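Single-structure report; data block below.
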Amino acid sequence: MCGIVGYLGQRDASKVLIEGLARLEYRGYDSAGVAVLNGEGLKLRRSVGRLKNLADSLKQAPLHGNMGIGHTRWATHGVPAEKNAHPHPSEDGKVAVIHNGIVENYREIKAELVAAGVKFASDTDTECIAHLVAHYYKGDLLQAAHKAVCRLHGAWALVIAHADHPDLLVVARRGSPLLIGLGEGENFVASDVTPLLPYTRRVIYIDEGQLGTISRKEAHVYDAQLREVPVKVETTTLTLDAAEKGGFEHFMLKEIHEQPVAVEATVRGRVKDGRVDLSELNLDASRVKAMRRIQLIACGTSLYSAMVGKYLLERFTSLPTEAWSASEYRYANPIIDAQTLVVAISQSGETADTLEALRLAKSKGALAVSICNVMGSSIPRMCEGTLYTRAGPEIGVASTKAYTAQLTAFELLALGLGRMLGCDIAADEARLVAGLNALPAQIKKLLEGDIVAVKRCAKRYQGVANFMYIGRHYNFPTALEGALKLKEISYIHAEGYAGGEMKHGPLALVEGTFPTIAIAPRGHTREKMLSNIQEIKARKGVVVVVATEGDAEAHELADYIIEIPACEEELSPILAVVPLQLLAYYTANQLGRDVDKPRNLAKSVTVE
Ligand code: M6R
């Protein structure tokens, strides 16, 4: 959940680190710090709060040097405080460590070190690593780091610097992402590729359990037994532009507007001669045919896409499909065997609960695939195959384009698996492929046309304390996602409910000022939704209706109408969620919230 950058070269390390950390701030932003090596040894600077505080401090009193490590933190052990910010030094100040992850057995290690006379300066789990490295150090930093890492339980991406090694950084990875960037006479290390883009596109992904060393000229990678392994240099195609705001006020708004491209890119090349082609998943057809059930595991917004996925998969594969919250799956004793197909859905590919659920499923013999947005991330690495969502980097904490891209991927997965299983899907496939091809233009139209209506609505209801979102079948998850978006970035309480459940309790909430957002596009549940809306109106509730354009009945019932283009029913969640994303965005923005970095949250949840 933290961001890591390391640099070795001829440039001003502080500048490289601060610029790199700015691109990683979405990973955590409660404190930040750097350690820079110069003639006086390893010099630390740490600040609480946003990265700007650290940058200002470095402006006032620069730390010069051309080797250093930097970190932006999301607290797990110890409150946000300067003493708990990374890097953490050893007692003699010679070792400095930055860490993303959790050391589960830190109490035990700390007790041992304290008994040996070591004094701890922070409340973090990470600090024990710095002391362990110092304890094992006998002139060889890689050996000392390896010995220290062998003591740890939990998850880590680590970068370790030592004052006596001005041309060396040691890195280690287990459970948290880390990659090396190769420059000319300079090398980098980071949690993801964005800090590297101004300097290089040549990267080495560190694998699970591996360690590595970088100097200005070289990079080496080692397995968990410290045997050197060949490095695999890859060239990233990501552009810096893609990682920046592109003229929008917030990343979230930019990402909402990128949805036509994200959906189009997710479909591209995966339909051949009108048929969905999943050959990139490299699935063994006989293994797929042996499957008896499908389990979808995910968290948050990805879970809501999985709930839509469940409906699609059951419809087109006829296999019983469950959508599981990954954090529940792990502790609920789910029935998993070799005839279970597990699909992990994750934007980041690093969500700890999803990773652990996937590990559990694999350990019981399940066939594992994923739907993921980040190439080379941990979840795809654990799977037989991955359907990448190709939404590009999603920086805003609130997931938007990754969600609609996941829904798109589910349409493809359900049809593709249906075909592999010999189900009669030809007519549906023709209908949905045409619908998928039309979607990018429809989302574009929606974004151009309906912003005014949504803005008006956001202004009208920004003072309201509670919202209800309702939908049925394919759009029940849309209701959940709409409510999550609103509460996540505006801090207004919102509930998502299945429309049919209203009269079983929540209807009691309805009175004059209570707004309900009803998602009621054309489809087999529209009539029922209109009845739900009538029930709310009869109790003097306020209803904002998301309906298919030209739906006169919905128009008549609604206090506010938000229209979406006509589409195939199965595709309606992709269109219906767009105005809800915008409603959350404009409401939060009008309330002056920090839209891209809502309080208490982080983009990538790499701890349980
Ligand atoms: O990266 P993932 O898709 O695995 O992340 C899962 C959730 O943490 C994520 O969707 C979260 O709910 C979003 N902030 C919602 O907007």
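Given the structure is predicted, the values throughout are model-derived calculations rather than measurements. Atoms within a ligand are numbered from 1 in the order they appear, just like the ligands themselves.
- Heavy-atom separations between Thr354 and ligand 1 are all 4.0 Å or longer.
- By the 4.0 Å N-to-carboxylate-O rule, Glu394 lies close enough to Lys603 to be salt-bridged with it.
- The backbone N or O of Ala518 sits nowhere less than 3.5 Å from a side-chain atom of Thr516 that would complete a donor-acceptor pair.
- Near Ala398, meaning under 4.0 Å from one of its heavy atoms, ligand 1 places the atoms 16 (O).
- Using 4.0 Å as the threshold, Lys485 has a heavy atom nearer than that to some atom of ligand 1.
- Of the protein's non-hydrogen atoms, the one nearest atom 8 (O) of ligand 1 is Val605 CG2, 3.9 Å.
- Of the polar atoms of Ser399, at least one N or O is found under 3.5 Å from an N or O of ligand 1, judged by distance alone.
- At least one side-chain heavy atom of Thr408 sits under 4.5 Å from a side-chain heavy atom of Leu436.
- Scanning Glu488, Gln347, Met252 for the heavy atom closest to atom 13 (C) of ligand 1 points to Glu488.
- Between Glu208 and Arg173 there is a salt bridge, since a side-chain N of the basic residue sits under 4.0 Å from a carboxylate O of the acidic one.
- Surrounding NZ of Lys487 are more than 12 heavy atoms belonging to other residues, nucleotides or ligands, all under 6.0 Å away.
- Less than 4.0 angstrom separates some heavy atom of Ser348 from each of these atoms of ligand 1: 1 (O), 2 (P), 4 (O).
- Using a 4.0 Å cut-off between charged nitrogen and carboxylate oxygen, Asp192 and Arg23 do not count as a salt-bridge pair.
- With ligand atoms numbered from 1 in the order given, ligand 1 contributes 1 (O), 2 (P), 3 (O), 4 (O) to contacts under 4.0 Å with heavy atoms of Ser346.
- Close approach of ligand 1 to Ser302 is summarised as follows: ligand atoms under 4.0 Å from at least one heavy atom of the residue are 2 (P), 3 (O), 10 (O).
- The option with the heavy atom closest to atom 2 (P) of ligand 1, from among Thr389, Asn373, Thr351, Val374, is Thr351.
- Residues that satisfy the side-chain hydrogen bond (donor to acceptor under 3.5 Å, both in side chains) test with Asn373, not counting sequence neighbours, are Gln347, Thr389.
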